[in-house]
Amino acid sequence: MEPINQYGEYKEKIQNDDKVIVKFFAGWCPDCTRMNMFIDPILEEYKHINWYELNRDDVPEAADENEVMGIPSLLVFQNGEKLAHLHSADAKTPESVTAFLRENV
């Protein structure tokens, strides 16, 4: 996953004509660490999609405007519009992440 470190960079990345996925996380988040342990095979399966990760503590305005209240969260964007949001409560297993991706990308 390519990191996004600034709000302007985030706005640029989500303007893609193709769908993109942004993972919102924080360094202190145990569920984010757990997701990192199972995400690699999913990234490989969905390598045709551009994946980005954004630390919500570093770019809080992106989290606020997308109502990211819990982390980790996966958001799908296309042409600057949020199409789907996998909330943290539903992002705890590889199966739930894969089901979300099958439905939304």
Side-chain angles (χ1 to χ4, degrees):
M1 268 184 254
E2 183 182 331
I4 295 175
N5 299 308
Q6 296 179 345
Y7 183 71
E9 184 181 8
Y10 152 77
K11 292 300 273 185
E12 177 185 322
K13 299 291 187 190
I14 67 168
Q15 288 300 325
N16 202 310
D17 289 340
D18 297 320
K19 291 181 180 175
V20 300
I21 299 169
V22 179
K23 178 183 87 170
F24 285 76
F25 76 100
W28 49 263
C29 166
D31 287 338
C32 299
T33 301
R34 194 172 8 261
M35 178 183 272
N36 289 342
M37 294 169 62
F38 68 72
I39 198 76
D40 285 345
I42 296 170
L43 290 171
E44 183 62 27
E45 183 179 348
Y46 288 88
K47 63 185 175 188
H48 61 284
I49 305 284
N50 288 324
W51 287 76
Y52 302 98
E53 61 180 1
L54 185 150
N55 186 322
R56 70 143 288 111
D57 293 339
D58 294 342
V59 192
E61 55 270 50
D64 292 345
E65 76 181 36
N66 288 292
E67 300 176 348
V68 175
M69 303 299 178
I71 48 173
S73 287
L74 296 178
L75 282 67
V76 179
F77 294 93
Q78 187 174 26
N79 297 317
E81 179 184 346
K82 180 173 81 169
L83 303 178
H85 185 155
L86 180 65
H87 297 273
S88 59
D90 301 319
K92 297 193 186 293
T93 67
E95 294 80 15
S96 62
V97 170
T98 302
F100 168 78
L101 293 172
R102 263 192 239 118
E103 200 172 294
N104 294 289
V105 298

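Note that these values count all heavy atoms, side chains included, but never hydrogens, waters or copies made by symmetry.
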Quick one: are [X] and [Y] in side-chain contact, heavy atoms under 4.5 Å?
| X | Y | value |
| --- | --- | --- |
| Met35 | Val97 | yes |
| Phe100 | Val76 | yes |
| Phe25 | Met1 | no |

Nearest-0.5 Å distance that lies between atom [atom1] in [X] and atom [atom2] in [Y]:
| X | Y | atom1 | atom2 | result |
| --- | --- | --- | --- | --- |
| Asp18 | Asn50 | CG | CG | 7.5 Å |
| Ile39 | Leu74 | CD1 | CG | 6.0 Å |
| Ile42 | Thr98 | CD1 | OG1 | 4.0 Å |
| Lys23 | Arg56 | NZ | CZ | 14.5 Å |

Using every non-hydrogen atom in the two residues, find where [X] and [Y] come nearest and quote the distance to one decimal.
| X | Y | result |
| --- | --- | --- |
| Leu54 | Val22 | CB-CG1, 3.9 Å |
| Asn104 | Lys19 | O-NZ, 3.1 Å |
| Ala91 | Pro72 | CB-O, 3.9 Å |
| Glu67 | His85 | O-CE1, 3.7 Å |
| Ser73 | Ser88 | OG-N, 3.6 Å |

**OP:** Begin from the C-alpha positions of Asn79 and Glu81 and carry the test side chain to side chain contact (heavy atoms under 4.5 Å, CB included) through to its verdict.
**Re:** CA-CA 6 Å; Asn79 297 317; Glu81 179 184 346; 5.6 Å; no
Original post:
Do other residues, nucleotides or ligands put more than 12 heavy atoms under 6.0 Å from the CD atom of Gln6?
Top reply: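 Counting other residues, nucleotides and ligands, CD of Gln6 stays at 12 neighbours or fewer.
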Subject >> ILVMFWY cluster, Leu101 and Leu75 together (side-chain gap under 4.5 Å) >> reply: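 Leu101 and Leu75: separate clusters.
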